[in-house]
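Excluded from the calculations below are hydrogen atoms, water molecules and symmetry mates; all remaining heavy atoms, backbone and side chain alike, are included.
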Amino acid sequence: MSDEQIPVIRDVAQGTAKLLPDVDRERAWLLTVDGAPQSYVDLDDPEHLEFEYVRRLGHVLDCVGEPGTALDLLHLGGGALTLPRYAAATRPGSRQDVVEFDGGLVSLVGEFLPVAAGAGIEVHVADARGWLASAPAASADVVVGDVFGGSRVPASLTSVEYARQVARVLRPGGVYAANLADGAPFGFLRGQLANFAVVFGQLALIAEPGVLRGRRFGNAVLLASDAELPVAGLSRACAGDAFPARVEAGGALARLMRGALPVEDADAVASPEPPEGAFSLG
């Protein structure tokens, strides 16, 4: 770590943001907001994905379409742009729109962790649901949902109407991938699956086995598409990862969803508050 790499602290809309240098990687930074980890970026190695759920989203991007070909991606939620940087490195020529409502966070990241010129990443300070509603139809190959207000997914992104907007923006065969968080008995997660089952013909879920067994609160990546999802390839990638995960689809997912009902805008609520320490740096 060079002498210039010192922690940066700034007040943003979501709270107090901190950029903390990683002592083990020369130009790598951890972004936290009010103490909760939000993003990890290595400016010298954008293909390095530190967080477990981001690695799983990376596997999704690797398995969509032909390897290495450019994609049009819409990222709802920006953080420090970890996944857009990864996509720019692994799929050169991709066009990426990133929607982040916290303008202060966007300014902080742009100042201290700028993306490379010509990376094809455009960041917009806007509300995710509002941006989605105005986005052109059939304009994205992949939509990534990773929006958290503090440690919870906002209610505006948890309804079946939101799922329909995602479907409108995706091209035929496109994939939606969302970072969600829940714990047993999975009331929130089951409702999200029910929402997307109304709109899409194919669903899958990626999570650490302990989370799926209800042993702890944690992240789960929901996938939805109108075409067959690359479940076999994802299963191999996730099983062989440094943080192994399981891909649920078909009958196993149907059993998890059994009895769950779609949630409309009028009844939508934010995702559950994580238990204390669930996502802390401890």
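- Remark: Asp182 engages Phe186, Phe188, Leu189, Phe217, Pro272 in a side-chain contact (heavy atoms from CB on, under 4.5 Å) (not counting sequence neighbours).
- Thr69 is linked by a side-chain hydrogen bond (donor to acceptor under 3.5 Å, both in side chains) to Arg91, counting only residues two or more places apart in sequence or in another chain.
- Pairs engaging residues 69-100 under the ring pair (Phe, Tyr, Trp, His ring centres under 6.0 Å) rule: none recorded [sequence neighbours left out].
- Considering Val33, Leu157, Asn179 as possible partners of Phe148, the one that fulfils the side-chain contact (heavy atoms from CB on, under 4.5 Å) test is Asn179.
- Not a single side-chain hydrogen bond (donor to acceptor under 3.5 Å, both in side chains) links Glu264 to another residue, sequence neighbours left out.
- The salt bridge (Lys or Arg N to Asp or Glu O under 4.0 Å) test applied to Asp44 returns Arg27, not counting sequence neighbours.
- With sequence neighbours excluded, the residues forming a side-chain contact (heavy atoms from CB on, under 4.5 Å) with Arg258 are Arg255, listed by chain and number.
- Listed by first and then second residue, the ring pair (Phe, Tyr, Trp, His ring centres under 6.0 Å) pairs involving residues 44-66 are Tyr40-His48 (not counting sequence neighbours).
- Within the structure, no pair that satisfies the ring pair (Phe, Tyr, Trp, His ring centres under 6.0 Å) test touches residues 234-270, not counting sequence neighbours.
- Listed by chain and number, the residues in a side-chain contact (heavy atoms from CB on, under 4.5 Å) with Leu261 amount to none (sequence neighbours excluded).
- Counting heavy atoms from C-beta outward, Val175 and Asp141 have side chains that stay 4.5 Å or more apart.
- Among residues two or more places apart in sequence or in another chain, the side-chain contact (heavy atoms from CB on, under 4.5 Å) test is passed with Pro244 by none.
- Listed by first then second residue, pairs satisfying ring pair (Phe, Tyr, Trp, His ring centres under 6.0 Å) with a partner in residues 95-141 read His124-Trp131, not counting sequence neighbours.
- Remark: Gln202 pairs with no residue by the side-chain hydrogen bond (donor to acceptor under 3.5 Å, both in side chains) rule, at least two apart or across chains.
- The shortest side-chain heavy-atom distance between Lys18 and Leu31 does not fall under the 4.5 Å cut-off.
- The six-membered or imidazole ring of Phe196 lies near that of Tyr176, with a centre-to-centre distance under 6.0 Å.
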